[in-house]
Chemist: 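Here it is, the structure, as structure tokens.
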Amino acid sequence: MSAQSNPIVIDNFQRGIATSPYVGFGKMVGLDIFKKPGIIQCGARLVNTGATFTGIVTAQAIASNGTLFQGTSDGKVYRNGTVIASGRGVIHDMVIIQDFLIISLNGTVLDLYGNISTGGVYTTSWKTGLEVSVFGTKKMIVGKDNVVYIGNETKLASLRDFTPGTGTATATLTTQILLTGIFNNKVVQTLSEYNRFVAIMTSPGSGNYGNSTLYFMDRGTLDPSKTTFTIGIGVDIPEKNVNQMIIKDNRLYFFGNDTGTFYETNQVTWTPIAVLPNRLLSQTYTTYPNAICLLNNQIVLGIGGSVNPAWDVVYGVYGLQGNSLICKSIISSGGYGQTNNISIGSVISGASVDGYYASWQDGSTYGVDSATTYIGTSFNVYFESRFFETGSAIKPRTFQTIQFNLANNLVTGQSIKVKYRIASNDTWTTFATYSYSGTTLTMTYTDGSLTTTQTGNFNTFHSRFPVTNTTNIQLRVEFDTGANATYGTNIELQSIILI
């Protein structure tokens, strides 16, 4: 059998999005490839929580009693959807320590709220003396040494000896635990704890030259009374802007806005592990330091950017596991970058076992979504296959049959829609929709042929696929699981075969 007559098999979905559709899968939107490796199925659907905001939520924190705190770009702080402070400037971050919430701003102060468990008192300007945020962010982390570390422009600040009281607390603020200039005039963009180290990602700042540099501050034995630290030689990163960083499985990961690349570092060098495809050289991504979290064994992060219909990319919430990358969901507004600028301000796990909260801005509209037990529906979830070479100009290829192999039987309300194109700049042609109800599988073709039906239980089925004279082909496969479907009633696709 010649290569031109071999079946084309679309499988191995666990590989995720490729760097280019000419070497692997194109877009994967609203789907899940991690729960059951080798299977692609609909992922958790983002649903608007219904809360109203007048700025993008840039920070979120969930207390042990389930209380949800949110801070916005227009200076408001919310407790379970109710405003408890306003006019505070841009909220940069929130951390919880010993039943208190600490809030960092773009000004020179820290605010405090507590006790969380008993209702709480909001104290403005609880601590003062920080630098005004111009180029950096006041990202905060609570270390294993029970010290709060705070980005402070070209410095690193700390809060030690935190002692809770009733409605207030005491702590020692050190605004500069490292010498000025230690970052070579670069400013702190984000922080992460990394074993006994504090990982400090810096950017060019006011000079706007060079790339980001990652520093590691050694805390030794994690003695909370220690005030003298050593910092190693920085690791230069081939990105000017890095806002998101997180530790997972004892490894440190970060995302580069300029190239759309995910990196892993061992403190000496960096390794690219995944890349968002279809980037234009003139475009960069928009990310926020708090739009990243761990969800089970997966890194979840929000990626946005400016509108550009020619830039064939999807903004939304992405999931990274190993080297596999997928767009978990677009935001509930339906925007993904083709009409308005999109920003994802904060992503935090805790909405449910498999859930998270994601805040967003779509043009001039703001919201917070929650990932629920409901899965994607209405053909808004889809994947695009690799762009296959199928024949030659002398001997183009004609297909006859398409076959679907599922891990489970179809159930009522489930549908699969297949589109194709034979050139990368073609629009998609809808070929057929396969819908299941009761015991009947209905195949509705859009090329003018008759609708056909089959009766029975189906975990595999095939139909005609008379696509002729091809030298290339790419499929787009869309799913509809019906209203309020959950993982238990999902379509579990193993493979598609073109013959």
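Excluded from the calculations below are hydrogen atoms, water molecules and symmetry mates; all remaining heavy atoms, backbone and side chain alike, are included. Start at 1 with the first residue, then count along the sequence. From a predicted model like this one, the values you see are computed outputs, not experimental measurements.
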Chemist: How close do Ile330 and Tyr315 get, heavy atom to heavy atom, and via which atoms?
Modeler: CG2-O, 3.8 Å
Chemist: Is a donor on one side and an acceptor on the other found under 3.5 Å between the side chain of Lys155 and the backbone of Leu130?
Modeler: no
Chemist: Does any non-hydrogen side-chain atom of Trp360 lie less than 4.5 Å from one of Asn48?
Modeler: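 Result yes, sub-4.5 Å side-chain heavy-atom pair found.
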Chemist: As a test of understanding, state which of Ile402, Thr429, Ile496 forms a side chain to side chain contact (heavy atoms under 4.5 Å, CB included) with Val418.
Modeler: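 Of the listed residues Ile402, Thr429, Ile496, the side chain to side chain contact (heavy atoms under 4.5 Å, CB included) partner of Val418 is Ile402.
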Chemist: What is the distance from atom CG of Asp362 to atom CD1 of Ile344, rounded to the nearest 0.5 Å?
Modeler: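 So the CG of Asp362 and the CD1 of Ile344 are separated by 9.0 Å.
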Chemist: What residues form a side chain to side chain contact (heavy atoms under 4.5 Å, CB included) with Glu389, not counting sequence neighbours?
Modeler: Asn472
Chemist: Going from CD1 on Ile473 to CZ on Arg421, what distance comes out if it is rounded to the nearest 0.5 angstrom?
Modeler: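 One gets 11.5 Å once the value is rounded to the nearest 0.5 Å.
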Chemist: Under 4.5 Å between any side-chain heavy atoms of His92 and Ser133, yes or no?
Modeler: yes
Chemist: Kindly state whether the ring of Tyr263 and the ring of Tyr253 have centres lying under 6.0 angstrom apart.
Modeler: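 Centroid separation for Tyr263 and Tyr253: 6.0 Å or greater.
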Chemist: If we only count heavy atoms from C-beta on, is the Thr72 to Tyr366 side-chain gap below 4.5 Å?
Modeler: no
Chemist: Do the non-hydrogen side-chain atoms of Phe399 and Ile8 ever get within less than 4.5 Å of each other?
Modeler: yes
Chemist: Of the non-hydrogen atoms in Arg45 and Gly376, which two are nearest, and what is the gap between them?
Modeler: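 Shortest heavy-atom separation between Arg45 and Gly376 comes out as CB-N, 4.0 Å.
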Chemist: Using modelled atom types only, decide if a donor and an acceptor are shared between the side chain of Asp111 and the backbone of Ile103 within a distance under 3.5 Å.
Modeler: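 No: the side chain of Asp111 does not pair with the backbone of Ile103.
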Chemist: With side chain to side chain donor-acceptor pair (under 3.5 Å) as the criterion, how do Asp480 and Thr377 come out once you've worked through the C-alpha distance, each side chain's angles and the decisive distance to 0.1 Å?
Modeler: CA-CA 4 Å; Asp480 184 5; Thr377 186; 2.7 Å; yes
Chemist: Applying side chain to side chain contact (heavy atoms under 4.5 Å, CB included) to Phe479 and Val477, what does each step give before you reach the verdict?
Modeler: CA-CA 7 Å; Phe479 299 89; Val477 180; 4.0 Å; yes
Chemist: Val90 and Ser73: which non-hydrogen atoms are nearest, and at how many Å?
Modeler: CG2-O, 3.4 Å
Chemist: Kindly indicate, with the supporting measurements, whether the criterion side chain to side chain contact (heavy atoms under 4.5 Å, CB included) is fulfilled by Ile292 and Met245.
Modeler: CA-CA 7 Å; Ile292 188 168; Met245 184 166 61; over 6 Å; no
Chemist: Determine the minimum heavy-atom distance between Val77 and Ile91, stating which atoms define it.
Modeler: CG2-CD1, 3.9 Å
Chemist: Does the Glu153 side chain pair with the main chain of Val134, one donor and one acceptor, at a distance under 3.5 Å?
Modeler: yes
Chemist: Assess the residue pair Thr470 and Thr390 against the criterion (side chain to side chain donor-acceptor pair (under 3.5 Å)); give the C-alpha distance rounded to whole Å, side-chain angles, the decisive distance to 0.1 Å, and a yes or no.
Modeler: CA-CA 6 Å; Thr470 70; Thr390 59; 2.8 Å; yes
Chemist: Judged by atom type as modelled, is there a donor-acceptor pair below 3.5 Å linking the side chain of Gln414 to the main-chain atoms of Val411?
Modeler: yes
Chemist: Got Asp93 and Thr137 here, is their nearest side-chain heavy-atom distance under 4.5 Å?
Modeler: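 A side-chain contact is absent here, since even the closest heavy-atom pair is not under 4.5 Å.
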Chemist: Near Phe197 CZ, under 6.0 Å, is it more than 12 heavy atoms from other residues, nucleotides or ligands?
Modeler: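 Check passes, neighbour count above 12.
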Chemist: Quick one: does Thr67's side chain get under 4.5 Å of Asn80's, heavy atoms only?
Modeler: yes
Chemist: Rounded at 0.5 Å granularity, tell me how far CE in Met201 sits from NZ in Lys139.
Modeler: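 Rounded to the nearest 0.5 Å, the CE-NZ separation comes to 13.0 Å.
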Chemist: Quick check against the 3.5 Å criterion: does Gln361 have a side-chain atom that pairs as donor or acceptor with the backbone of Gly363?
Modeler: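 Present.
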Chemist: Do Leu301 and Phe262 have side chains that get closer than 4.5 Å, going by heavy atoms?
Modeler: yes
Chemist: Please test Gln321 against Asn297 for side chain to side chain contact (heavy atoms under 4.5 Å, CB included), starting from the C-alpha separation and ending with a verdict.
Modeler: CA-CA 7 Å; Gln321 188 166 313; Asn297 195 38; 4.1 Å; yes
Chemist: Do Lys186 side-chain atoms and Asn211 backbone N/O form a donor-acceptor pair below 3.5 Å?
Modeler: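 Side chain of Lys186 to backbone of Asn211: a pair is present.
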Chemist: How about Thr202 and Gln189: do any of their side-chain heavy atoms sit closer than 4.5 Å?
Modeler: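 Sidechains of Gln189 and Thr202: no contact.
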Chemist: To the nearest 0.5 Å, what is the distance between CD1 on Ile375 and OG1 on Thr372?
Modeler: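 Output value for this atom pair is 9.5 Å.
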Chemist: Counting the benzene-type ring for Trp, do Phe53 and Tyr78 have ring centres under 6.0 Å apart?
Modeler: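 Close enough - the centres of the two rings lie under 6.0 Å apart.
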Chemist: Please check: side-chain N/O of Ser20 versus main-chain N/O of Tyr22, any donor-acceptor pairing under 3.5 Å?
Modeler: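 Pair found, side chain donor or acceptor close to backbone of Tyr22.
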Chemist: I'd like to know if the side chain of Asn408 and the backbone of Asn490 have a donor-acceptor N/O pair within less than 3.5 Å.
Modeler: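 Indeed, once roles are kept as given, a pair shorter than 3.5 Å links the two residues.
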Chemist: Which heavy atom in Ser349 sits nearest to a heavy atom in Cys293, and how many Å separate them?
Modeler: N-SG, 3.7 Å
Chemist: Thr259 and Glu239: side chain to side chain donor-acceptor pair (under 3.5 Å), yes or no, with the steps?
Modeler: CA-CA 7 Å; Thr259 66; Glu239 304 274 350; 2.3 Å; yes
Chemist: Can you name the residues that form a side-chain hydrogen bond (donor to acceptor under 3.5 Å, both in side chains) with Tyr288, not counting sequence neighbours?
Modeler: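 With sequence neighbours excluded, Tyr288 shows a side-chain hydrogen bond (donor to acceptor under 3.5 Å, both in side chains) to no residue whatsoever.
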Chemist: Please check this pair: side chain of Asp258 against backbone of Asn241, looking for a donor-acceptor N/O pair closer than 3.5 Å.
Modeler: yes
Chemist: Identify the heavy atoms of Gly302 and Val347 that sit nearest to each other, and give their distance.
Modeler: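 Result for this residue pair: N-CG2, 3.9 Å.
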Chemist: Kindly compute the distance separating CZ (Phe25) from CD1 (Ile40), expressed to the nearest 0.5 Å.
Modeler: 6.5 Å
Chemist: Is a donor on one side and an acceptor on the other found under 3.5 Å between the side chain of Asp32 and the backbone of Cys42?
Modeler: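 No.
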Chemist: What is the ring orientation for Tyr434 with Phe461, classed by angle as parallel under 30°, tilted 30 to 60°, or perpendicular over 60°?
Modeler: tilted
Chemist: Rounded to the nearest 0.5 Å, how far apart are CD of Gln403 and CG of Leu498?
Modeler: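 That separation rounds to 10.5 Å.
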Chemist: List the steps and the verdict of side chain to side chain contact (heavy atoms under 4.5 Å, CB included) for Ser324 and Phe34.
Modeler: CA-CA 9 Å; Ser324 298; Phe34 302 123; 3.8 Å; yes
Chemist: Quick one: list whatever passes salt bridge (charged side-chain N to carboxylate O under 4.0 Å, His left out) with Asp447, sequence neighbours left out.
Modeler: Arg464
